[in-house]
Amino acid sequence: MASKWIKLHWTRPITADYPKIWRTFIGRDVDSDKLTEYRIEDLTESRYDDTIKHMEAFYLRDEPVSQIVGGSKDAQYIADYGMICGSILRQGSSLVCLRASSDQIVGVQTQYVITKADNFGKQAYERSQSPKTKKMYDVDAVLTKQFSVFDSYGVSEYLYLHNQAVDERFRGLNIALRMVEAGMQFCRHSNIKVMHGVFTSDFSSRACETFGFKDDLAISVDELNKLRPELGIQDMKSKQLSIKSFVV
């Protein structure tokens with residue numbers, strides 16, 4: 001019987017410091033307005049189900065393309081996302097931000113190391129059952145099919161920033177930025193030279209630019225609709241889609 005999960009070729013070495021705490025910081029506790037500690041660490045198997053629920057609640061609802069296609073209200077889209085996200089988590093490369101006092105998940109950054117031997121996106125597209133999931137990949141492909149990270153940066157592997165979501169109650173504490181910084185630490189620790197991602201949110205795009213992420217390719221939503229009107233990406237709250245990279 002075929003596995004439900006898509007296999008990724010890069011394997012993270014599990015060392016004595018796994019799960020590794022990448023950073024801690026002090027921030028406002030939203031329940032008391034007192035200061036409390038937060039920590040960003042490796043996401044472990046015991047929290048996979050909690051993480052997928054977090055992403056369904058805060059990523060599928062808020063991400064611009066998912067909003068347009070109505071992904072958060074489509075049971076099969078949610079199931080597809082669970083399969084894709086669950087496959088990524090099993091590489092052991094994703095990060096979670098916890099409120100230290102309760103171990104509550106307040107933010108997640110799903111990320112994975114992709115190699116030349118992988119065809120993760122193709123497999124995710126083929127295994128997905130919802131037309132809405134396939135449309136999401138078709139939107140991304142307008143950019144990704146025109147650009148090769150491997151060729152452009154001369155690397156055999158890179159860290160792909162898949163998705164990021166912060167619990168809405170904890171927004172405004174710079175958790176998203178701190179998780180990106182932790183991703184950079186992960187790259188240095190793992191000797192990975194490039195971070196790369198598709199950006200559909202104007203906010204996340206601007207945030208990563210503050211760290212020095214550069215546009216590899218960008219297209220306005222208006223241009224996208226002229227180029228691929230059949231995708232029907234109308235009234236999207238973002239003005240632009242881009243793929244960006246950061247050389248670590």
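Every value quoted in this text rests on a predicted model; they were computed, and no experiment measured them. Sequential numbering from 1 along the given sequence is applied to the chain's residues. Atom set for the values below is all heavy atoms of this structure, side chains included, hydrogens, waters and symmetry mates excluded.
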#### Entry: Lys53 and Asp50 ion-paired at < 4.0 Å
no
### Query
Cationic tip of Arg178 within the cone over Phe25's six-membered ring, i.e. under 6.0 Å and within 45° of the normal?
yes
#### Entry: Gln164-Gln109 side chain donor-acceptor pair, cut-off 3.5 Å
yes
### Query
Leu98 and Phe170: same hydrophobic cluster, using ILVMFWY side-chain contacts below 4.5 Å?
no
### Query
Got a second to check how far Asp31's CG is from Gln104's CD, nearest 0.5 Å?
7.5 Å
### Task
Decide whether Thr115 and Asp118 meet the rule of one side-chain donor and one side-chain acceptor closer than 3.5 Å.
yes
### Task
Mark yes when over 12 heavy atoms from residues, nucleotides or ligands other than Asp103 sit less than 6.0 Å from its CG; otherwise mark no.
yes
### Query
Do NZ/NE/NH1/NH2 and the carboxylate oxygens of Arg61 and Glu168 come within less than 4.0 Å?
yes
### Message
Can you see whether Tyr153 engages Asp216 through a side-chain donor-acceptor pair at a distance of less than 3.5 angstrom?
### Response
yes
### Query
Any side-chain donor-acceptor pair under 3.5 Å between Glu223 and Ser220?
yes
### Message
Can you classify the ring geometry of His196 versus Phe147 as parallel (below 30°), tilted (30 to 60°) or perpendicular (above 60°)?
### Response
parallel
### Query
Can you tell me if CD on Glu230 sees more than 12 non-hydrogen neighbours from other groups inside 6.0 Å?
yes
### Message
Classify the ring geometry of Tyr59 against Tyr81: parallel below 30°, tilted from 30° to 60°, perpendicular beyond 60°.
### Response
parallel
### Task
Treating Ile, Leu, Val, Met, Phe, Trp and Tyr as nodes and any side-chain heavy-atom pair under 4.5 angstrom as an edge, say whether Leu177 and Val106 lie in one connected cluster.
yes
### Message
Can you tell me which residue among Val96, Thr24, Leu95 is in a side-chain contact (heavy atoms from CB on, under 4.5 Å) with Glu41?
### Response
Val96
### Task
Measure up the His54 and Phe58 rings against each other and bin them: parallel (under 30°), tilted (30 to 60°), perpendicular (over 60°).
tilted
### Asp74/Lys132 salt bridge by N-O under 4.0 Å criterion
yes
### Task
Establish, yes or no, whether the cationic atom of Lys20 lies under 6.0 Å from the six-membered ring centre of Trp22 and within 45° of the ring axis.
yes
### Query
Pro64 and side-chain contact (heavy atoms from CB on, under 4.5 Å): which partner among Thr200, Val221, Leu241?
Thr200
### Query
Hey, any chance Phe150 and Ile192 share a hydrophobic cluster, counting ILVMFWY side chains that come within less than 4.5 Å of each other, even indirectly?
no
### Query
Under 4.5 Å between side-chain heavy atoms, hopping through other hydrophobics if needed: is there a path connecting Trp5 to Tyr125?
no
### Nearest-0.5 Å distance, NZ of residue Lys214 to SG of residue Cys208
12.5 Å
### Summary
Between Ile175 and the options Asp167, Val180, Val166, the side-chain contact (heavy atoms from CB on, under 4.5 Å) test singles out Val166
## Note on the structure
Given the options Tyr112, Phe246, Phe120, Tyr160 meets ring pair (Phe, Tyr, Trp, His ring centres under 6.0 Å) only with Tyr112
